[in-house]
Amino acid sequence: MGGELRIHLGAAPGVGKTYAMLGEARRRRERGADVVVGIVETHGRARTAELLTGLEVLPRLDGELDVAAVLARRPEVVVVDELAHTSARGTRRQDVEEILAAGIDVLSTVNVQHLESLTDVVERITGVRQRDTVPDEFVRRADQIELVDITPEALRRRLAHGNVYPAERIDAALANYFQVGNLIALRELALLWVADEVDVALRRYRTERGVSETWETRERVVVALTGGPESETVLRRAARIAARAARADLLAVHVLRGDGLVGEPMGATTALRRLAEDVGATFHTVVGDRVSEALLEFARGVNATQLVLGSSRRSRPARLVDPGIGARVVQESGSIDVHLVTHAAAGRQTLRLPRARTPLPVDRRVLGWVLGVVGPGLATVLGAALDGIVGLSTDVVLFLLATIVAALVGGLGPALLAALLGGLLLNFFLTPPRFSLAIASPENVIAVVAMLVVAVLVALVVDRAARRGEQAARARTEAALLASFARTVLTGADPLPRLLEEVREAFGLRGVALLEQANGEWTRVAVAGPPECGRPEDADVDVPVEPGLHLVGTGRSLPAHDRGLLETVGGQALLALRGQRSAEEARRAERRAEVNETRGALLSAVGHDLRSPLTSIKAALAGLRLPLSAEDRAELVETVEESADRLAGVVDNLLDSSRLAAGAVEPLREPVGYGEVAARALLGLPGAERVAFEIPEDLPEVLADAGLLERVVANLVDNALRHGRGAPVVLRASAHSGRVELRVVDAGPGVPLRQRDRLFAPFQRLGDRRTTGIGLGLSVARGLTEVMGGTLTAEDTPGGGLTTVVSLPARAGLTAQATGAAPGAGPRDP
C-alpha cells in the first residue's frame, strides 16, 4: 500500500509553507511517528532553520534528495521540500512517487505559480516564466492539500524585514514580483484553485452518499430559458443576481419537450447558447416531460442555491386550469430560492389544456381506448341477451367489469370513457324507463357514480403501479450500467475509450468525448464516435467533471435524470483518465530507467571496446620510439594496424546501430553471390584461416546490398570465431522455396533456447559475468539483414554449437527495385 502525500500550497515564496510543513513534521514526531527530513530549503531563514533542530536530517547526494538513503532508512514520514524542483537528475516529483510507492508518507510544499495549468496565467501577471512545474493532476492526487495563506501586505512586511530574501534582494523583489497587485492575483489563484478542488470533493461526496438536498456552500444560480422573447430579460436579471453573489456560478438551462417552457423552434437553442455565453453563463439542455421536475432535478444535481425563471406567460383564465411552471417550481423547490422575473410577455398566453402524462406505453393506451369503447358495448349486448334471466345488479357488475378492464389496460382516460359510456348505455338500454336517458330510480344514479369512482380509483392504482415499475426498471438499468462502466474502468487495459464507447451506446449519442483545457485551449483526451465537438459550448450534452475537464456528447439532449447518471459516469471517466496517466507516467519512468541503464551499459562497454585497441596502439607507438630491430618494428606496426581495424569495427557497429534505430539505412539491392561476399568479408578478419567454405558454385545469387551483406557475414563469422572455442567455423549455403540461406556453423558451447531472444539484442554478450563490450555485432547483423528484406535466426548445431542462418530472396525474385549499383555499396543515408 502506498504512502500518503500531504502538500502545503502557497500563493508565493515566503508565505510560510516550509515553516508549516516542518511544524507538522514536529507534531507527528511528538506523537511518536518516525520522521526524517529528506531535503529542506531554508533559504537562510533563521526561524525556519530553528524548526530543524531535533529532527533527523538525511545527508544529500550531490546537493539533491538521496532517494536511496530514504528507502534504506524507511521512516514512517519523510519531509521533501519544493515538490516542483527540477535538476539534472530529474524531477523531485518522481522521487516523491518512488518514496510513496514504498509505503512512506511524504510532507511537501508547492507554490501556485508552479502548477502546470497556471504557468501561462502567472507569466502574464508577473512577467516571470516558471521553468519548474508540477502537473495539477499529481497535486490533486494528494491525500491532503493545506493552503498556507497570508495577506499581501503582511507578506511584503515580512519581505521588508528580511525574513524572506537577503537584504541585497529585498528592493528588487518588492519592486517587481512582490508588487501588491501581483500578490493579490496570485493569492486569488491559490484560493480559487483550492476552492475548486474542495468543490469537486464535495460533489463526489454528495454523489456517493446520494445527497439531493441543496447545501449552500457556494452560490450557484440556475436560470431557465425558454427561447421566447423573455429569455434575454430573464438571463440578464440572473446575471445581475449572480454578480451580486460574489462570483457565483451562473448556469443557463433549456428544457426540451413538455409544456410551459417549450414550444419554441429548435433553432432557438443556438441563439440561447450565444446569449448565455455573452453574460458568462454555461449553457445546458435537458429533456423532461414535466418541466418543473426537470428544472429542479437539474438544479439539485448541480447543488444550485437560486433558480431564476420568467413569470408565466399564461393568462389568468389559463392559470385557473394550470397554475404554470413557476408556481409548481415554487411549491417543490424546497431550500432553493426561486426568483420569478416579470417581462413584457407575461400573462398573454391563451387558455391551453394541460397534457395528461402517463407512464403507460403507447400500445397499452391505444388498446385501453379501444376497450373503453368496446367493453361497454359488449356489456350492453350481453345484458340485453340475458334480459329476464338476470337482474339490474348483474348488468351493473358487467359494466363495472368493462370499466375495470379499460382502467387496468389503458389507465385513467380509457377508464373514464368506459365509465361514462357504460353509464349512458346502462341507463338507455337496461334501466327503466328503457330507451330513454331519464333516470327513474336513485339506485341507478348511485350505480353510475360508483362506476366512475371505481374507474378513477383503479386507474390511479394502475398509474401508480406503472410509475413504480418504470422507476424500478430505470433503477435496475442504471445499476446495471454503472456496474458495467465500473467493470470497464477496473478491468480494461485501456479503459477510457471503451468507457466512452459504452456511454455513447447506452445514452444513444452520436459522439462522446472527454475534453481537457490547457493553456486556454480545449483538447480531446479521448473520443468515441465522430470527433464533432471541440469545445463544451458546442456540445448537446455538457457535464463538468472537474475544473478544466468536461464530458460532452453530441446527437441529442438528455433528460435531467440521465444527466445525473452521466455525472457519475464522469467521475468514473476521471478515475480512468488518472489511472491511464499514472500508467503512462510509470511506463515513461520505466523507459527512462531503461534508457539510463542502457546509457550506462553503453558508456561502460564503449569504454572497454575503445580502450583496448587504443591502449594497444599507444603501447605499440611508444615501442616504435625505441631502437628496435626491423622484425620487432614490423610486429609493432602490425599490432597498430590490427588495433586500428578493431577500433574501426567498433565505430562502424555503433554508427550502423544508430542508423538502424533512426531508420536511416536505405539498401541498394542487386544480384550478388554468397561466395564472393563471404570472401571479401573474411579479408583481414582475425582467425579467418579457421573458416571453411561449403558454398556450391551453382548456387543462385541473392537480392541484397553487397556492402551490407558483407558486414553481416563479417559480424557473424567474427562472433563464431570468438565463441567457438578454437574449433573451425564452416560457411554453408543452400537454396529452397525461392530463398537462399547462408549458415555460419560453429562448434562452441551454443546458446540455451530460453536465451535465443536475447542473442540479437544490443549490449548483450551471453555468458559474460560482467559487461566487457558493446555486444552490437549480432544486433547490427540482424538489423541490416531485415533492412534488405531477409531474416537472421539462430539454431543448434548438430553435435553442439550455434548456427546462425541468413535467409535472403533468390535472384529469381528480382523486381523493379533492383538498381544495379556497384558491388561493395554500403549503407546509404536518405
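Worth saying up front: this structure is predicted, and the values here are computed from it rather than measured.
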Hey, what do you get for [atom1] ([X]) to [atom2] ([Y]), rounding to the nearest 0.5 Å?
X	Y	atom1	atom2	answer
L340	R237	CG	CZ	12.0 Å
R187	L192	CZ	CG	11.5 Å
L500	L514	CG	CG	6.0 Å
E137	E116	CD	CD	11.0 Å
R300	L307	CZ	CG	10.0 Å
L107	T18	CG	OG1	11.5 Å

(message) Looking only at the side chains, is there a donor atom on one of T126 and N182 sitting less than 3.5 Å from an acceptor on the other?
(response) no
(request) Tell me, with the steps shown, if E501 and R498 meet salt bridge (charged side-chain N to carboxylate O under 4.0 Å, His left out). (result) CA-CA 5 Å; E501 181 61 31; R498 291 175 52 199; over 6 Å; no
Any side-chain to backbone donor/acceptor pair from [X] onto [Y]? Under 3.5 Å, distance only.
X	Y	result
T305	R220	yes
H8	T109	no
E332	V329	no
T523	E516	yes
R535	L515	no

Electrostatic pair [X]-[Y], nearest N-O below 4.0 angstrom:
X	Y	answer
E24	R27	yes
D105	R6	no
R156	E153	no

(message) Show, in sequence, the C-alpha distance, side-chain angles and deciding distance for V134 and L115, and conclude whether the side-chain contact (heavy atoms from CB on, under 4.5 Å) test is met.
(response) CA-CA 5 Å; V134 61; L115 295 175; 4.2 Å; yes
Hey, does [Y] have a side-chain heavy atom less than 4.5 Å from the side chain of [X]?
X	Y	result
V128	Q130	yes
W193	L147	no
V194	E197	no
L189	V121	yes
L5	R141	no
V222	I336	no
R93	P135	yes
R129	T119	yes

(message) With a sphere of 6.0 Å drawn around CZ of R131, does it hold more than 12 non-hydrogen atoms of other residues, nucleotides or ligands?
(response) no
For the student: nearest non-hydrogen atoms of [X] and [Y], plus distance:
X	Y	answer
A513	V527	CB-CG2, 4.1 Å
A252	L235	CB-CD1, 4.4 Å
G570	V545	O-CG1, 3.3 Å
A11	V112	O-CG1, 3.5 Å
L250	A242	CB-CB, 4.2 Å
R158	G14	NH1-O, 2.7 Å

(message) Please evaluate residues L549 and L577 with respect to the criterion side-chain contact (heavy atoms from CB on, under 4.5 Å), reporting the C-alpha separation (whole Å), side-chain torsions for both, the decisive distance (0.1 Å), and the verdict.
(response) CA-CA 10 Å; L549 188 69; L577 177 61; 3.9 Å; yes
(request) Evaluate the ring planes of F298 and H284, with Trp represented by its six-membered ring, and classify them as parallel (under 30°), tilted (30 to 60°) or perpendicular (over 60°). (result)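 F298 vs H284 ring planes: tilted.
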